[in-house]
Amino acid sequence: MIESNPVVNRTGPGGTNTAKHIFVTGGVASSLGKGLTASSLGHLLTERGLKVAMQKLDPYLNVDPGTMNPFQHGEVFVTEDGAETDLDIGHYERFLDIDLDGAANVTTGQVYSSVIAKERRGAYLGDTVQVIPHITDEIKSRMRAQAERPVADRPDVIITEIGGTVGDIESQPFLEAARQVRHDVGRENVFFIHVSLVPYLGPSGELKTKPTQHSVAALRSIGIQPDAIVLRSDRELPDSIRTKIASSCDVDAEAVVSCVDARSIYDIPKVLHDGGLDVYVIRRLNLPFRDVDWDKWDWVLERVHNPAHEVNIGIVGKYIDLPDAYLSVTEALRHGGFANDARVKIHWIQSDKCETEEGAAEALSGLDAICVPGGFGIRGIEGKLGALEYTRTKGIPTLGLCLGLQCMVIEYARNVAGIDEASSSEFDPETPVAVIATMAEQLSILEGEGDLGGTMRLGTYEAHLLEDSVTAKAYGSTVISERHRHRYEVNNSYRDQLGEAGLVFSGTSPNGELVEFVELPESVHPYYVSTQAHPELKSRPTRPHPLFAGLVAAALKLK
């Protein structure tokens, strides 16, 4: 017999009805907004009283995006349990206001690693291991994993976004597994949404439906008939276009929803709701529901479109050519604006331009505040140090994140504490003055004796804050928790010297060994705060993160 996964049951544990599945696929082009479509639908169903789980299936062979170039993949989103995941997981958490775990992101690399490990253990008892059924069974088990949880944790609906576009070789096993899930759990329990593009051709002045028709034909060729189609376009679509696509793709006219480019991503839930997508899904899946509660989201949209104030905040980074590399940071800054009824205008500052005092003055002029986000490697570091020196001496509100804290410590050590050669062992392994150093248990890894993947301090860690510090006042508490993703820490050997020079270590791990927050007192600087964590990962549009809200408030106060 061949080992198989229990993915064909129509009922969950104890004989209860299975969770419903919604699969979101994409066609014609990548980056059409499958993630935002899935997130927005999840938000609508959540606000209708349903318990929704989300997951993203990525077709790349990396086990996770942790070692991928930010210019290729964008940011790495870290969950509470320390999983390094796709940035769409961040959209899911922000739109649904929930905390997800590692099960929310499945990659081809994870799937093949698991199947090969089973084969090496002899789990398949000598059978020839193939894409079908072994790979697809492994994918199905992950698609269904959240439906097999205890009743209290089991969702009503699992929304699964399948990465890539229909027709990609890499995505075929995922699509085949989704087709099988529909067969396994019953057609009445599965709903397919296809996101497609309706391009406008300027020379002929026409909107074209053929790309969508071909995309749906490709989807149907592998056995999947979409139940609804979300049409992306840069302009309003006439009813005739929607009717034509409904007819040619064999989809109900009311299930063809137009999703025109919106002014803000936070408009998309209302766009889909106005198009009737959530109502159609609920009816087709026979789900219980209530009316959408718009109170919290209307509060967000009012601040998106009609803010009372405006501030200019610079993000000083080295991956600014791809803004998605700092996606959670930019959203958290905007949320900080929501908390202060202000529009945050983001300015992208290439850190290299701030290496000299003159360069920093030119690059940062006109800004009300800056944020120095995380990153890896030495490139751009001197520019970040120059930017921090400028904002520290000029009294410009500043928030440092992860590497931003490390740079804040190095800059202060060099220019205030008299530690002229202060550096990090990340940037200079031979530095005699490593005020930032590798965690001891990581040394053998970084010396080439192990793998770089999965070697960082990852996930949620608690911190204790100094009473009456700027940080504690922002949080309104002295015990907090934040998510981390880093290998290096502040070197405790220099803490006393830096503290005597005026730098405040305002938060540490519960045992006091690891520095978590650094700041300057309010009497010295209006807002000069940094954290070793990534607080941007826990910010929500309806619950802005206090450190970002504090940065915007300080900027407004000075303005």
Side-chain angles (χ1 to χ4, degrees), residues 5 7 19-27 29-39 41-42 52-66 68 72-74 76-77 79 83-93 95-96 100-115 131-149 155 157-185 190-196 215 218-219 222-224 226-227 230:
N5 295 303
V7 295
K20 311 282 188 176
H21 283 270
I22 298 173
F23 291 102
V24 180
T25 61
S30 58
S31 301
L32 278 182
K34 295 190 303 297
L36 287 168
T37 300
S39 303
L41 179 59
V52 179
M54 306 280 298
Q55 63 182 179
K56 170 75 179 293
L57 309 184
D58 274 311
Y60 49 73
L61 285 171
N62 304 67
V63 171
D64 60 47
M68 293 170 70
Q72 290 187 27
H73 189 265
V76 174
F77 189 86
T79 56
E84 295 177 286
T85 69
D86 184 80
L87 58 83
D88 276 322
I89 309 304
H91 286 313
Y92 302 161
E93 288 204 355
F95 274 69
L96 275 68
L100 296 169
D101 57 28
N105 198 192
V106 178
T107 70
T108 298
Q110 291 172 12
V111 171
Y112 274 80
S113 295
S114 177
V115 169
V131 173
I132 299 173
H134 303 97
I135 296 298
T136 51
D137 274 359
E138 181 69 25
I139 295 170
K140 285 194 292 180
S141 72
R142 292 167 186 258
M143 288 175 169
R144 293 286 297 151
Q146 298 181 80
E148 305 297 335
R149 290 179 173 177
V157 180
I158 300 171
I159 300 178
T160 302
E161 176 194 348
I162 299 178
T165 55
V166 173
D168 293 347
I169 292 174
E170 299 94 334
S171 300
Q172 286 183 359
F174 288 121
L175 293 168
E176 170 60 19
R179 186 197 65 78
Q180 291 183 26
V181 166
R182 184 184 62 184
H183 178 77
D184 294 342
V185 304
V190 177
F191 192 96
F192 282 97
I193 297 173
H194 191 59
V195 182
S196 186
S215 179
L219 192 61
I222 57 177
I224 296 174
D227 299 291
V230 174

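The residues of the chain are indexed from 1 along the displayed sequence.
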Check your understanding: If you measure from CG on Leu219 to CD1 on Ile224, what distance do you get to the nearest 0.5 Å?
Key -> 5.0 Å
Review point. Is any side-chain heavy atom of Ser114 less than 4.5 Å from a side-chain heavy atom of Arg142?
Key: yes
Review point. Between the side chain of Thr108 and the main-chain N/O of Pro59, is any donor-acceptor distance below 3.5 Å?
Key: yes
Exercise for review: State, yes or no, whether a side-chain contact exists between Val111 and Val106 at a heavy-atom distance under 4.5 Å.
Suggested key: yes
Exercise for review: Would you check if the side chain of Thr85 reaches a backbone N or O of Ile89 as a donor-acceptor pair within less than 3.5 Å?
Suggested key: no
Point to revise | Minimal non-hydrogen separation, Gln110 against Asn105, with atom names | key: OE1-O, 3.4 Å
Check your understanding: Just wondering, do Ile158 and Met143 contact through their side chains at under 4.5 Å, heavy atoms?
Key -> no
Check your understanding: Between Asp101 and Arg149, is there a salt bridge with N-O shorter than 4.0 Å?
Key -> yes
Exercise for review: First locate atom CD1 of Ile132, then atom CD of Gln180, and finally report the distance between them rounded to the nearest 0.5 Å.
Suggested key: 6.0 Å
Exercise for review: Could you check if a side-chain atom of Phe77 sits within less than 4.5 angstrom of a side-chain atom of Pro65, using non-hydrogen atoms only?
Suggested key: no
Check your understanding: Does the side chain to side chain contact (heavy atoms under 4.5 Å, CB included) test come out yes or no for Thr165 and Ser171, once each step is laid out?
Key -> CA-CA 7 Å; Thr165 55; Ser171 300; over 6 Å; no
Point to revise | Check: Thr136/Glu176 side-chain N/O donor and acceptor closer than 3.5 Å | key: no
Review point. Donor-acceptor pair, Asp86 side chain versus Asp88 backbone, under 3.5 Å?
Key: yes
Practice item. For the pair Thr160 (side chain) and Val24 (backbone), establish whether a donor and an acceptor sit closer than 3.5 Å, ignoring hydrogens and angles. Key: no
Review point. Is there side-chain contact between Leu96 and Met54, with heavy atoms separated by less than 4.5 Å?
Key: yes
Check your understanding: For Val131 and Tyr112, what are the C-alpha separation, side-chain angles and deciding distance, and is it a side chain to side chain contact (heavy atoms under 4.5 Å, CB included)?
Key -> CA-CA 9 Å; Val131 173; Tyr112 274 80; 3.8 Å; yes
Review point. So, Glu84 side chain and Asp64 main chain: donor-acceptor pair closer than 3.5 Å or not?
Key: no
Point to revise | Thr107 OG1 to Asn62 CG distance, which is reported to the nearest 0.5 Å | key: 7.5 Å
**Study point:** Contact summary for Ala53 and Gln146, nearest pair of heavy atoms
**Key:** CB-OE1, 3.3 Å
Point to revise | Phe192: partners by ring pair (Phe, Tyr, Trp, His ring centres under 6.0 Å), with sequence neighbours left out | key: Phe23
Check your understanding: Any idea which heavy atoms bring Leu32 and Gly27 closest together, and the distance?
Key -> CD1-O, 3.1 Å
Review point. Between Pro155 and Ala19, what is the shortest heavy-atom contact and its length?
Key: O-CB, 3.4 Å
Check your understanding: Can you tell me how far the OH atom of Tyr92 sits from the OG1 atom of Thr79, to the nearest 0.5 Å?
Key -> 13.5 Å
Review point. Rounded to the nearest 0.5 Å, what separation is found between the CD1 atom of Ile139 and the CD1 atom of Ile162?
Key: 9.0 Å
Point to revise | Distance (rounded to the nearest 0.5 Å) between Leu57 CG and Phe174 CZ | key: 5.0 Å
Point to revise | side chain to side chain contact (heavy atoms under 4.5 Å, CB included) between Val195 and Thr25, intermediate numbers included | key: CA-CA 6 Å; Val195 182; Thr25 61; over 6 Å; no
Exercise for review: Please lay out, stage by stage, how His21 and Arg144 fare under the test side-chain hydrogen bond (donor to acceptor under 3.5 Å, both in side chains).
Suggested key: CA-CA 9 Å; His21 283 270; Arg144 293 286 297 151; 2.7 Å; yes
**Study point:** side chain to side chain contact (heavy atoms under 4.5 Å, CB included) between Val190 and Val185, intermediate numbers included
**Key:** CA-CA 8 Å; Val190 177; Val185 304; 3.5 Å; yes
Check your understanding: Hey, does Ile222 have a side-chain heavy atom less than 4.5 Å from the side chain of Gln172?
Key -> no
Review point. Closest approach of Ser215 and His194, non-hydrogen atoms and distance?
Key: OG-NE2, 2.7 Å
**Study point:** Side chain proximity check, Leu41 to Phe191, heavy atoms < 4.5 angstrom
**Key:** no
**Study point:** Intermediate values then yes/no, salt bridge (charged side-chain N to carboxylate O under 4.0 Å, His left out), Asp184 and Arg182
**Key:** CA-CA 6 Å; Asp184 294 342; Arg182 184 184 62 184; over 6 Å; no
Review point. Which residues pass the salt bridge (Lys or Arg N to Asp or Glu O under 4.0 Å) test with Asp168, sequence neighbours left out?
Key: none
Review point. Less than 4.5 Å apart, any side-chain heavy atom of Gln55 and any of Glu161?
Key: no
